[in-house]
Amino acid sequence: MRNNIVLYPTLDGITKTGFECRTKNVSATYSENDTIYELSCKDEDLGKGRFISIVDDRGKWSLDKHNLIIEGDVYISNTDVLFGNEGLVSKDGLLGVGLVWRSRSSSLRGANRIAQFSSKSGNIRFRFKKEFPVASIRGNIDISLELYVISSGSNRLLTSGSTLGEIDSFTLILEGIGSTFTVFEKSAPGEPLWSVDCDWDDPEYNQFSESVRVTINTAHPAWICSADDEVRKELLKEIMASSMQVIISELEPDEYNPASEYEPGSVSNAIVYFISRAKVDLSTPSTIASSIRTYLDKSMKDNN
């Protein structure tokens, strides 16, 4: 049996004395042809933790073709309690904040130093910025702010670089969980106008953005004849509605149970989100179809 003896105060104890860290105003952008475009960021209620979905209202952004720039304001209050005899380091110490990110789907992680402060800093505010290059990540991104030691001062128990713990965290849900999905195009004369591929092993874990693929056949006469923007928009709406019906039908009811907690960004999580947001009536196939189209009629009209 192992017993751990802590020789210095812990961050858990410090947080009870008024220390607090909050991240606000998280924004996302990407660049294309020397132009910066904004992405919509929305806090989502997906269970424990904080989740922020990122959606491109232009419908152009793709992880494989564009970068992703994340920024946010960090507010830290009562930093003085971290210093001195009852704090984590001595009065003459110096602490830092690092941004740690992890993309589970990409099996990648990294860290960046974003701020430092001393016992004289008081309440502080700073803005962080992190860029993910083109095709460097996929899936979702877990982000945490970690407190670490730059200099412990006269306290020799902590060495430079020691991590003291997480002070804030959130998860970025990329490609708009449940609110949109990528539509691909191909030219295939003689084939149907559209198709939807549902390729997942475990919908409760596999990512929606990687498991669902909707494809439009641009060589189909109906698409060629719908060159008018309004007509094509209506056609696209029907394709999206029918695709969502197919995806829902591919799942068992217990795989989109709103009372269950699923992996953020997974197929099940995305469908639960869509059903809730669109107020889909699951009573019968006809009510599913009707409620989905009612939602798309309104949402696409509001976005004009």
Side-chain angles (χ1 to χ4, degrees), residues 23-44 46 49-74 96-115 126-146 148 161 163 166-186 197 199-203 205-215 262-267 269-270 273:
T23 305
K24 294 185 175 182
N25 305 321
V26 175
S27 64
T29 58
Y30 70 97
S31 58
E32 184 177 52
N33 299 326
D34 298 324
T35 301
I36 301 296
Y37 295 97
E38 292 187 5
L39 298 166
S40 297
C41 293
K42 179 183 178 182
D43 281 276
E44 306 289 0
L46 301 176
R50 182 185 180 190
F51 301 90
I52 302 174
S53 69
I54 297 178
V55 178
D56 180 17
D57 294 329
R58 297 174 64 239
K60 302 292 185 180
W61 177 62
S62 167
L63 287 169
D64 295 328
K65 298 179 180 179
H66 303 99
N67 64 342
L68 173 64
I69 303 169
I70 302 296
E71 299 183 61
D73 293 320
V74 179
V97 179
L99 184 149
V100 179
W101 61 271
R102 179 176 65 169
S103 171
R104 300 183 187 183
S105 298
S106 306
S107 298
L108 294 174
R109 62 178 298 156
N112 302 88
R113 298 178 179 180
I114 56 177
F126 57 90
R127 188 163 181 82
F128 71 83
K129 182 176 182 179
K130 171 62 182 176
E131 179 175 0
F132 298 94
V134 177
S136 63
I137 52 172
R138 57 191 176 91
N140 301 323
I141 307 174
D142 297 317
I143 291 181
S144 64
L145 301 184
E146 304 280 344
Y148 69 94
T163 300
E166 178 184 288
I167 55 177
D168 198 12
S169 64
F170 55 92
T171 297
L172 298 174
I173 308 297
L174 305 185
E175 298 179 333
I177 175 171
S179 60
T180 186
F181 47 84
T182 304
V183 178
F184 298 88
E185 295 184 357
K186 70 174 183 180
D197 296 318
D199 183 17
W200 57 70
D201 296 317
D202 184 352
Y205 178 80
N206 296 142
Q207 294 292 293
F208 183 89
S209 60
E210 300 171 4
S211 305
V212 176
R213 184 185 183 95
V214 178
T215 304
Y262 303 112
E263 179 74 14
S266 67
V267 175
N269 187 232
Y273 176 90

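Below, all heavy atoms of this structure are taken into account, side chains as well, without hydrogens, waters or symmetry copies.
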Side chain to side chain contact (heavy atoms under 4.5 Å, CB included) between I143 and S169, intermediate numbers included: CA-CA 6 Å; I143 291 181; S169 64; over 6 Å; no

W200 and V212, any side-chain heavy atoms less than 4.5 Å apart: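 Yes; the side chains approach each other to less than 4.5 Å.
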
Close side-chain approach of I69 and K130, heavy atoms under 4.5 Å: no

Atom CZ of F170 with >12 non-hydrogen neighbours under 6.0 angstrom: yes

Among I167, L99, V74, the one residue meeting side chain to side chain contact (heavy atoms under 4.5 Å, CB included) with T23: V74

Partner of I70 by side chain to side chain contact (heavy atoms under 4.5 Å, CB included), out of T29, L39, I52, I54: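 One option only clears the test, and that one is I54.
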
[atom1] of [X] to [atom2] of [Y]: how many Å apart, nearest 0.5 Å?
X    : Y    : atom1 : atom2 : answer
D168 : E146 : CG    : CD    : 10.5 Å
L172 : R50  : CG    : CZ    : 9.5 Å
T215 : D197 : OG1   : CG    : 6.0 Å
E71  : K129 : CD    : NZ    : 5.0 Å

Working for side chain to side chain donor-acceptor pair (under 3.5 Å), residues E263 and N269: CA-CA 7 Å; E263 179 74 14; N269 187 232; over 6 Å; no

Could you pull out the closest heavy-atom pair between [X] and [Y], with the gap in Å?
X    : Y    : result
R127 : S27  : NH2-OG, 3.2 Å
V267 : S211 : CG2-CB, 3.8 Å
E131 : N67  : OE2-ND2, 2.8 Å

Side chain to side chain contact (heavy atoms under 4.5 Å, CB included) between L68 and W61, worked out: CA-CA 9 Å; L68 173 64; W61 177 62; 3.9 Å; yes

Ring center gap for W101 and F132 short of 6.0 angstrom: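 So the answer is yes for these two rings.
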
Side-chain (S266) to main-chain (Y262) donor-acceptor, under 3.5 angstrom: no

S31 side chain vs D34 backbone, donor-acceptor pair below 3.5 Å: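 A pair under 3.5 Å: no.
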
Side-chain ion pair, K24 and D73, N-O less than 4.0 Å: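 No salt bridge links K24 with D73.
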
D199/R213 salt bridge by N-O under 4.0 Å criterion: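 Between D199 and R213 there is no salt bridge, as every charged N stays at least 4.0 Å from the carboxylate O atoms.
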
CA sep, side-chain torsions, deciding dist, call: V97, Y148, side chain to side chain contact (heavy atoms under 4.5 Å, CB included): CA-CA 6 Å; V97 179; Y148 69 94; 5.5 Å; no

Derivation of the side chain to side chain contact (heavy atoms under 4.5 Å, CB included) call for I141 and T171: CA-CA 6 Å; I141 307 174; T171 297; over 6 Å; no

Test side-chain hydrogen bond (donor to acceptor under 3.5 Å, both in side chains) applied to D202 - qualifying residues, sequence neighbours left out: none

